[in-house]
Visitor: 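One structure coming up, written as structure tokens, with questions to follow.
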Amino acid sequence: MVRIVPVASGKGGVGKTVLAANLAVALARLGRATVLVDLDLGASNLHTCLGIKSSSLGLGALAWRQERRFDSLVMETPVPRLHFVPGDGLLPGTANLDHAIKTKILKGVASLTADFAVLDLGAGSAHNVVDFFLASPRGLLVARPETTSVLNAYSFLKTAVWRLLFRALPKGGPERTRLAEFASRRLEGSGSSFLALADELAREFPAAAAALAQLRAFVPRVVLNQGRSQADVELGGRIRAIAARNLGLGVEYAAFLPDDPAVPHSVAEREPVVLTRPGAPFSRAVADLAARLAAEGPESPPHLALDEEDLESLAAAALAAGDGFAEGS
Ligand SMILES: Nc1ncnc2c1ncn2[C@@H]1O[C@H](COP(=O)(O)OP(=O)(O)OP(=O)(O)O)[C@@H](O)[C@H]1O
Ligand SMILES: [Mg+2]
């Protein structure tokens, strides 16, 4: 079965597209058949990172009903084992996607014949974006080491947990009413977490047991991009701690990607940096993330093993490898 890797962020412009493109290339280079899907509908620009012209039909063709089958949108790329599904620059955005088309895309992605499907999502916490993120219990959430980006990442996680529970609880049932009451009452940082609520509901209503199980299996992976300093490294751990305390959510701090001038150079050249500059600190960190994803078995349980200590040594290596990018505060 294809492993879906959605790439989201609470705030725009933090490096989702660059990460999605380079991670997909790195997975393909590791021998994994990979499909990269441009789901940033309305603002699609993933093809430019791969140096592909956007002349083929993309997901807009499904929405405009010019094309009925998702799989006929899959195209080859110059990279062996990497395929691509173009998005659409003219649709009025993922947020406004029709429910039937969203379902068709989700089913199409899940039935791809590939090892990985990497989804580049639009920024923010619109329900449609969150629904694509929830296509996997282990999606990647990108943040930059700056206050607004970290706060938006936390908001994204909160919306995702709320949406996951809402979708997993029976339609029209008392469980959903309780969730809505809980969300409106809840004060940040005080009271109980969503996990505590799910626990309580599962004890009271047999139908809520599935929602609790899904919440427990949901362990998103935070990626800090454009990090410059040791203080930046530590932010990832803080997101993790706050998500655990306030939401009852397990979060894996999956990668620290350094700020690297090779990235904008490659973007300007319309080439994936992992191909053109494999030795650059960013490329090495992405290749490392790809290797870790590729090494996980398809059924592997959510693992929280990569703790701050492991991550700090990875980050220290990334920082040490980079000459040419600033050591921040
Ligand atoms: N690690 C990095 N080092 C230096 N520059 C970077 C790094 N990551 C991303 N950038 C730069 O940041 C810019 C934004 O990246 P990108 O387009 O991938 O963000 P995005 O999250 O997809 O944005 P949007 O929300 O608009 O889709 C790019 O021009 C890229 O060159
Ligand atoms: Mg983007």
Side-chain angles (χ1 to χ4, degrees), residues 1-8 15-63 66-67 69-91 94 104-106 108-122 132 135-136 139-140 142 223 257 262-280 282-291 293-294:
M1 239 184 44
V2 63
R3 283 171 58 198
I4 303 174
V5 185
V7 182
K16 290 179 297 299
T17 300
V18 164
L19 173 62
N22 284 286
L23 180 64
V25 171
L27 286 167
R29 305 243 313 155
L30 287 169
R32 304 303 192 277
T34 302
V35 183
L36 183 57
V37 186
D38 191 345
L39 273 171
D40 188 1
L41 304 176
S44 295
N45 62 353
L46 188 52
H47 55 281
T48 60
C49 285
L50 294 172
I52 294 174
K53 289 209 180 73
S54 68
S55 52
S56 309
L57 284 185
L59 290 165
L62 281 189
Q66 288 167 314
E67 181 55 68
R69 297 173 57 95
F70 176 88
D71 55 4
S72 52
L73 302 174
V74 180
M75 59 179 281
E76 288 191 345
T77 73
V79 180
R81 289 177 297 276
L82 180 66
H83 286 76
F84 178 57
V85 176
D88 191 287
L90 296 174
L91 278 176
T94 316
K104 184 176 258 191
I105 295 172
L106 281 167
V109 168
S111 51
L112 282 167
T113 320
D115 298 308
F116 286 94
V118 178
L119 317 181
D120 181 26
L121 303 184
F132 287 127
S136 160
L140 300 180
V142 185
V223 174
L257 309 177
V263 176
H265 284 151
S266 302
V267 169
E269 292 163 0
R270 303 178 161 234
E271 296 275 9
V273 65
V274 290
L275 286 187
T276 54
R277 295 173 178 85
F282 178 87
S283 303
R284 283 158 55 173
V286 171
D288 187 77
L289 174 63
L293 293 182

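What you see below is based on every heavy atom in this structure, not just the backbone, and it leaves out hydrogens, waters and symmetry mates. The chain is numbered in sequence order, starting from 1.
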Visitor: Measure the spacing between CG of Leu73 and CG of Leu62 and express it to the nearest 0.5 Å.
Guide: 5.0 Å
Visitor: Quick one: side-chain contact (heavy atoms from CB on, under 4.5 Å) partners of Thr48, sequence neighbours excluded?
Guide: Asn45, Arg270
Visitor: Over all heavy atoms of both residues, which pair between Ala20 and Val7 is shortest? Give the atoms and the distance, please.
Guide: CB-CG2, 4.1 Å
Visitor: As an exercise, state the distance from NZ of Lys104 to CG of Leu59, rounded to the nearest 0.5 Å.
Guide: 11.5 Å
Visitor: Enter the distance from Leu293:CG to Arg3:CZ here, rounded to the nearest 0.5 Å.
Guide: 6.0 Å
Visitor: Ignoring hydrogens, what is the shortest heavy-atom contact between Gly139 and Ser136? Give both atom names and the distance.
Guide: N-OG, 3.7 Å
Visitor: Name all residues meeting the side-chain contact (heavy atoms from CB on, under 4.5 Å) criterion together with Thr77; count only those two or more places apart in sequence or in a different chain, and write none if there are none.
Guide: Ile52, Val79, Leu82, Phe84
Visitor: For Phe132 and Val109, what are the C-alpha separation, side-chain angles and deciding distance, and is it a side chain to side chain contact (heavy atoms under 4.5 Å, CB included)?
Guide: CA-CA 10 Å; Phe132 287 127; Val109 168; over 6 Å; no
Visitor: Rounded to the nearest 0.5 Å, how far does CG of Leu257 lie from CG of Asp288?
Guide: 10.0 Å
Visitor: So, does Arg32 use its side chain to make a donor-acceptor pair with the main chain of Phe116 at under 3.5 Å?
Guide: no
Visitor: What is the minimum heavy-atom distance between Gly60 and Asp88, and which atoms define it?
Guide: CA-OD2, 3.0 Å
Visitor: Using only atom types and a distance under 3.5 Å, with no angle test, would you say the side chain of Arg29 pairs donor to acceptor with the backbone of Val274?
Guide: no
Visitor: What residues, two or more places apart in sequence or in another chain, satisfy salt bridge (Lys or Arg N to Asp or Glu O under 4.0 Å) together with Glu269?
Guide: Arg277
Visitor: Kindly indicate whether the side chain of Gln66, heavy atoms from C-beta on, has any atom under 4.5 Å from the side chain of Leu57.
Guide: yes
Visitor: Could you tell me which non-hydrogen atom of Ser44 sits nearest to which non-hydrogen atom of Asp38, and how far apart they are?
Guide: CB-OD2, 3.1 Å
Visitor: I'd like to know whether Val35 forms a side chain to side chain contact (heavy atoms under 4.5 Å, CB included) with Val85, so could you lay out the CA-CA distance, the side-chain angles of the two residues, the decisive distance to 0.1 Å, and finally the verdict.
Guide: CA-CA 7 Å; Val35 183; Val85 176; 3.9 Å; yes
Visitor: Indicate the atoms forming the closest heavy-atom contact of Ser72 with Glu67, along with that distance.
Guide: OG-OE2, 2.9 Å
Visitor: Measure the spacing between CG of Leu121 and OG1 of Thr17 and express it to the nearest 0.5 Å.
Guide: 9.5 Å
Visitor: Flag the pair Asn22 / Pro272 as yes when at least one side-chain heavy-atom distance between them is below 4.5 Å, and no otherwise.
Guide: yes
Visitor: Which atom names give the shortest non-hydrogen contact between Asp40 and Gly122, and what distance separates them?
Guide: OD1-CA, 3.2 Å
Visitor: Which is it for Met75 and His83 under the side chain to side chain contact (heavy atoms under 4.5 Å, CB included) test, yes or no, and what are the steps along the way?
Guide: CA-CA 6 Å; Met75 59 179 281; His83 286 76; over 6 Å; no
